[in-house]
Visitor: 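Here it is: the structure, laid out below.
Within every chain, numbering begins at 1; the chains are lettered A, B, ... in the order of the sequence lines, protein sequences first and strands thereafter.
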2 protein chains.
Amino acid sequence: MTRKQTSEWSAACRSFIEAGGHTTQLFGLGRILGQLYGLLYLSPRPLCLDEMVHELKVSKASVSTTVRQLERWTAVKKVWVRGDRRDFYEAETDFNLLLKQGVLATLRKKLETAGVQIAKVETALQAAHANGSRNPDSEIIVARLKKAKQFHGQIQGLLGNPLIEHLL
Amino acid sequence: MTRKQTSEWSAACRSFIEAGGHTTQLFGLGRILGQLYGLLYLSPRPLCLDEMVHELKVSKASVSTTVRQLERWTAVKKVWVRGDRRDFYEAETDFNLLLKQGVLATLRKKLETAGVQIAKVETALQAAHANGSRNPDSEIIVARLKKAKQFHGQIQGLLGNPLIEHLL
DNA sequence: AACTGTATTCAGTTTTCACTGAACGATTTT
DNA sequence: AAAATCGTTCAGTGAAAACTGAATACAGTT
């Protein structure tokens, strides 16, 4: 990537990087995220910011923020290069690790906030009940909320299940 | 919902519906999607479009498109009401079924298109190789692409794994 | 201390996307 | 056949998100 290379090879690499961008965009993450990870994934050596800027033809600001986002997800890590004060990054190539620490972790967090929402509704419901309010459909509503809560707990348990980690 | 009811109960329902909107928004899906499903989920009887419009205070266009989106995910289904030519919808209350047929199915589809991307890169890579192009980093690139492809296959297998369905 | 090379932040711009209003088409009722 | 009732489609709007250029901050060098 950093050296000049035959057009065929670089074409294949560009194709991979572009595919990465498409994929992340497909999942609602940005375009650059996938491109950047793809670039680092194929690179045989760590790259500094300006190299990434040059390869992807995007602004330095985008690279700076996106690479740190990838770092938070443990998808890339910063590496030291002796005698160079620039920041170099390389990709974490273990996808399984990445899936566990990155994707599943954020999924759990979102599930958590969803649980908070359910809890809120529960208090509202208890308030209605304690208040002596009567409603012909009360049983149905209570039952369905209960079911929703159970499902939430089930999914949380599933994501915490060591079996999942074992499958990866 | 359709009948008048005490303020406490409707407050709890509105809270649930709002929570649904928050949750779907959290996952990158629209706000209305979650609200609409929440409304139908709590409703003891099927609702027609105008009832949903009235409850959620959104446009009929939004309800029309969103409810069909939910239908594609088998999250709701259209039901016939005798002597009424309007379309009525009710929620699928089995979350497990919903997860399998809805979420996992779309996930598989996205994985599929990602696989197409990888295949494209592979042909580009073979072209480079057949062309006799030389590159010092070729082994690394080939190896990493292979690894990526393996991972893709692994995930596809995991989503097709009957064990997953069993866990739900 | 001034300067150079680096990364980060921030205000502004472009793009994307959920959502709407109004027009349309289809079907039923008068 | 005219009117009424529904559902869908489509161009447009507003807001949020992605992305950029320029300013800033920071560390090392002269």
Visitor: Could you walk me through whether A/Asn135 and B/Glu8 pass the side-chain hydrogen bond (donor to acceptor under 3.5 Å, both in side chains) check?
Guide: CA-CA 10 Å; A/Asn135 182 288; B/Glu8 284 85 3; over 6 Å; no
Visitor: Nearest-nucleotide wise, let me know which of A/Gln25 and A/Ala61 is further upstream toward the 5' end of DNA chain C.
Guide: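 Mapping each residue to its closest nucleotide by heavy atoms, the 5'-most match is A/Ala61.
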Visitor: I want to check one thing: is the phosphate of C/dT8, taken as OP1 and OP2, less than 4.0 Å away from some side-chain N or O of A/Ser64?
Guide: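 For C/dT8, OP1 or OP2 has a side-chain N or O of A/Ser64 closer than 4.0 Å.
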Visitor: Whole angstrom is fine here: how far is it from CG in A/Asp84 over to C1' in C/dT6?
Guide: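 Atom CG in A/Asp84 sits about 10 Å away from atom C1' in C/dT6.
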Visitor: Can you work out whether A/Gly30 or B/Arg86 has the more 5'-proximal nearest nucleotide on DNA chain D?
Guide: B/Arg86
Visitor: To the nearest Å, give me how far apart NZ (A/Lys78) and P (C/dA7) are.
Guide: 9 Å
Visitor: Please check if atom NZ in B/Lys146 has more than 12 non-hydrogen atoms from other residues, nucleotides or ligands closer than 6.0 Å.
Guide: no
Visitor: Could you tell me how far apart B/Asp87 (CG) and C/dA26 (P) are, to the nearest whole angstrom?
Guide: 16 Å
Visitor: Whole angstroms only, please: what is the CZ-P distance between A/Arg68 and C/dA7?
Guide: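 It works out to 11 Å between those atoms.
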Visitor: Would you mind reporting whether B/Tyr41 and A/Lys147 have side-chain heavy atoms less than 4.5 Å apart?
Guide: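 Side chain of A/Lys147 against side chain of B/Tyr41, heavy atoms only: contact under 4.5 Å found.
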Visitor: Hey, does B/Leu98 have a side-chain heavy atom less than 4.5 Å from the side chain of B/Trp73?
Guide: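 Sidechains of B/Leu98 and B/Trp73: no contact.
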Visitor: Between P on C/dC17 and CD1 on B/Ile32, what's the gap in Å once rounded to a whole number?
Guide: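 The distance from CD1 of B/Ile32 to P of C/dC17 comes to 17 Å, rounded to the nearest Å.
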Visitor: The side chain of B/Ser62 lies closest to which of these nucleotides: C/dA7, C/dT9, C/dC19?
Guide: C/dC19
Visitor: Which nucleotide wins on minimum distance to the side chain of B/Arg85, given the candidates C/dT27, C/dA7, C/dA22?
Guide: C/dT27
Visitor: Let me know the distance between NE2 of A/His54 and C1' of C/dT6, rounded to the nearest Å.
Guide: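 Going from NE2 in A/His54 over to C1' in C/dT6 covers 18 Å.
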Visitor: Check whether NZ of the Lys or CZ of the Arg B/Lys110 lies under 6.0 Å from the centre of the six-membered ring of A/Phe27 and within 45 degrees of that ring's axis.
Guide: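 Yes.
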Visitor: Check the distance between C/dC19's P and B/Leu29's CG and give it to me in whole angstrom.
Guide: 11 Å
Visitor: What are the bounds, 5' to 3', of the part of DNA chain D that sits under 4.0 Å from heavy atoms of chain A?
Guide: D/dC19 to D/dG28
Visitor: Hey, are A/Ser64 and A/Arg68 close enough side-chain-wise for a donor-acceptor pair under 3.5 Å?
Guide: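 A/Ser64 and A/Arg68 do have a side-chain donor-acceptor pair below 3.5 Å.
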Visitor: Between B/Leu29 and B/Val103, is there shared hydrophobic-cluster membership here, with clusters defined by ILVMFWY side-chain heavy atoms closer than 4.5 Å?
Guide: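 Yes; B/Val103 is reachable from B/Leu29 via cluster members.
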